Amino acid sequence: MMLRIILSILAFCLMSICSAADTPPTAVYHLWAGSNSPARLGYELPLIRLLLDETLAQYGPYELHVHQLEHSYLESYERIDKGKFDFVIAPDGKGTIPENTKIRRIPHKIWNGYLGYRQIVVRKHRLAEFEGVESLASLRQFKIGQGENWRDNQFYARNGVKLVEAKTFSALFSMLKHNRFDCVPLGINEVDATVQEQNSQGGDFVIVPNLILRYPLEAYLMVSAYKPQLAKRLSAGFEIVKANGKRKVLLENFMQDKLKKLDHPGVVILDLN
């Protein structure tokens, strides 16, 4: 009887060891999201989790840590290059990523072009000044605020629009409140929720109605060269969710109300090249 009990215990232990050996270790990923507005993260974080969840069978379990310490994109790239963060969602373009950095771009668009549609945020008492803006010439009389090293800044500079850079996203609104510039253009994917949040903290901001700036802007996942397996996993995840339609549904659900602004009667769209 004792021998049978001992053999049973040994068999159980052996099965537990084999089961543990078959389970891949949990991968830990660190995403830097310090320059992305909370409104944008309402779509971007579910998308990232979807990509990781859809690849569980191939790549195993994971932990996702989201770091929202605010600093510029330039600093974030430097930290990713040094292995302090694993990846970031950021606009891609010449001059925005430092040369010789060990960062891989995952070649799948995050926003399908919607990132380049911008609405203008102003202080409430100055709204009337902007309601007559119908051309780039009339826009050039104002000074706009944007984040440091944002890809957007190249479009404004190229089109002769005066620009002031803020170190962080949240600093934009403090600087606007203190008249360091006249307005802040933000994406239609984030502007409503961002203004609501800022006003809940004592802001007096409004969105200029029926005026949209448009330029070709897209964001991508940028992954550290120290994490080649993560890059492969995210790429595989994109292929899966594009094939099964889950990414399309996620983006459309997030954008459906926001896109109605483009069809509003009398809307003025100013194109920046």
Side-chain angles (χ1 to χ4, degrees), residues 20-111 115 146-154 165-172 187 190 217-242 247 250:
D22 291 339
T23 304
T26 298
V28 179
Y29 304 129
H30 294 272
L31 169 73
W32 179 73
S35 193
N36 298 33
S37 69
R40 272 182 54 181
L41 292 176
Y43 162 71
E44 292 172 343
L45 287 182
L47 174 62
I48 290 172
R49 291 194 174 99
L50 177 62
L51 301 179
L52 297 174
D53 288 343
E54 290 291 311
T55 51
L56 283 171
Q58 183 178 357
Y59 290 91
Y62 69 90
E63 290 181 12
L64 178 64
H65 298 270
V66 181
H67 302 268
Q68 295 184 265
L69 177 67
E70 286 195 279
H71 45 73
S72 70
Y73 275 125
L74 184 61
E75 290 176 278
S76 74
Y77 290 136
E78 291 174 347
R79 296 185 185 203
I80 290 173
D81 193 43
K82 295 176 181 177
K84 294 183 178 180
F85 299 127
D86 299 324
F87 65 133
V88 63
I89 290 181
D92 181 35
K94 185 178 179 181
T96 58
I97 302 177
E99 294 184 6
N100 302 319
T101 52
K102 300 179 181 66
I103 296 174
R104 175 183 173 182
R105 188 191 77 166
I106 307 302
H108 295 276
K109 295 179 180 180
I110 299 296
W111 286 100
L115 196 61
Q146 293 283 266
E148 184 180 82
N149 202 49
W150 281 11
R151 173 74 170 107
D152 312 60
N153 301 355
Q154 299 178 20
E165 294 186 344
K167 186 75 172 176
T168 64
F169 183 83
S170 60
L172 284 167
E190 63 188 338
L217 183 67
E218 190 49 75
Y220 297 88
L221 285 163
M222 310 287 189
V223 184
S224 167
Y226 298 106
K227 291 286 184 174
Q229 196 76 349
L230 173 59
K232 292 178 182 178
R233 180 172 189 163
L234 293 171
S235 294
F238 258 113
E239 295 296 340
I240 293 170
V241 300
K242 288 170 74 173
R247 182 283 180 101
L250 184 66

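These numbers come from a predicted model, not from an experiment.
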What's the verdict on side-chain contact (heavy atoms from CB on, under 4.5 Å) for L221 and I48, showing C-alpha distance, side-chain angles and the deciding distance? CA-CA 9 Å; L221 285 163; I48 290 172; 4.2 Å; yes
Closest approach of A33 and L41, non-hydrogen atoms and distance? CB-CD2, 3.8 Å
Within this structure, what is the CD1-CD distance for the pair I103 and E78, rounded to the nearest 0.5 Å? 9.5 Å
Specify the closest pair of heavy atoms between I80 and V223, including all atoms of both residues, with the distance to one decimal. CG2-C, 4.5 Å
Hey, is the main chain of I110 close enough, under 3.5 Å, to the side chain of R247 for a donor-acceptor pair? yes
Is a side-chain donor or acceptor of R233 paired with a backbone partner of L52 at a separation under 3.5 angstrom? yes
List the steps and the verdict of ring pair (Phe, Tyr, Trp, His ring centres under 6.0 Å) for W32 and F87. CA-CA 6 Å; W32 179 73; F87 65 133; over 10 Å; no
Within the 4.5 Å heavy-atom criterion, are V28 and D86 side-chain neighbours or not? no
Counting only N and O atoms by type, is there a donor-acceptor contact under 3.5 Å from the side chain of E44 to the main-chain atoms of I89? no
Step-by-step side-chain contact (heavy atoms from CB on, under 4.5 Å) determination, H65 to Y29: CA-CA 6 Å; H65 298 270; Y29 304 129; over 6 Å; no
Side chains of D53 and Y62: any donor to acceptor distance under 3.5 Å? yes
Rounding to 0.5 Å, atoms CZ (R49) and CD (E54) come to a distance of 15.0 Å
May I ask you to test the M222-R104 pair for a side-chain heavy-atom distance under 4.5 Å? no
Would you confirm whether Q146, through its side chain, and A166, through its main-chain N or O, come within 3.5 Å as a donor-acceptor pair? no
Which is it for E190 and S37 under the side-chain hydrogen bond (donor to acceptor under 3.5 Å, both in side chains) test, yes or no, and what are the steps along the way? CA-CA 7 Å; E190 63 188 338; S37 69; 2.6 Å; yes
So NE2 of H30 and CZ of R79: to nearest 0.5 Å the spacing works out to 14.0 Å
CZ of F85 to NE2 of H67: how many Å apart, nearest 0.5 Å? 5.5 Å
Minimum heavy-atom distance P46-G42, with the two atoms named: CG-O, 3.3 Å
Shortest non-hydrogen contact between Q58 and A236, atoms and distance: OE1-CB, 4.4 Å
NZ of K109 to CG of L217, rounded to nearest 0.5 Å, is 11.0 Å
So do the side chains of R151 and N153 get within less than 4.5 Å of each other, counting heavy atoms only? no
Are E218 and P91 close enough that some pair of their side-chain heavy atoms sits under 4.5 Å apart? no
ring-ring contact (aromatic ring centres under 6.0 Å, His included) partners of H108, counting only residues at least two apart: F238
Would you check if there is a donor-acceptor pair between the side chains of N149 and E165 at a distance under 3.5 Å? no
Would you say the side chain of L31 lies within less than 4.5 Å of the side chain of L45, judging by non-hydrogen atoms? yes
Less than 4.5 Å apart, any side-chain heavy atom of D81 and any of S224? no
Give me the ring orientation class for Y43 and W111: parallel if the planes are under 30° apart, tilted from 30 to 60°, perpendicular past 60°. tilted
Residues A219 and L115: closest non-hydrogen pair is CB-CD2, 3.8 Å
Could you report the tightest heavy-atom contact between K82 and Y226, atom names first, then the distance? C-CE1, 4.0 Å
I want to check something: taking the side chain as every heavy atom from C-beta on, are Y59 and K232 in contact at a cut-off of under 4.5 Å? yes
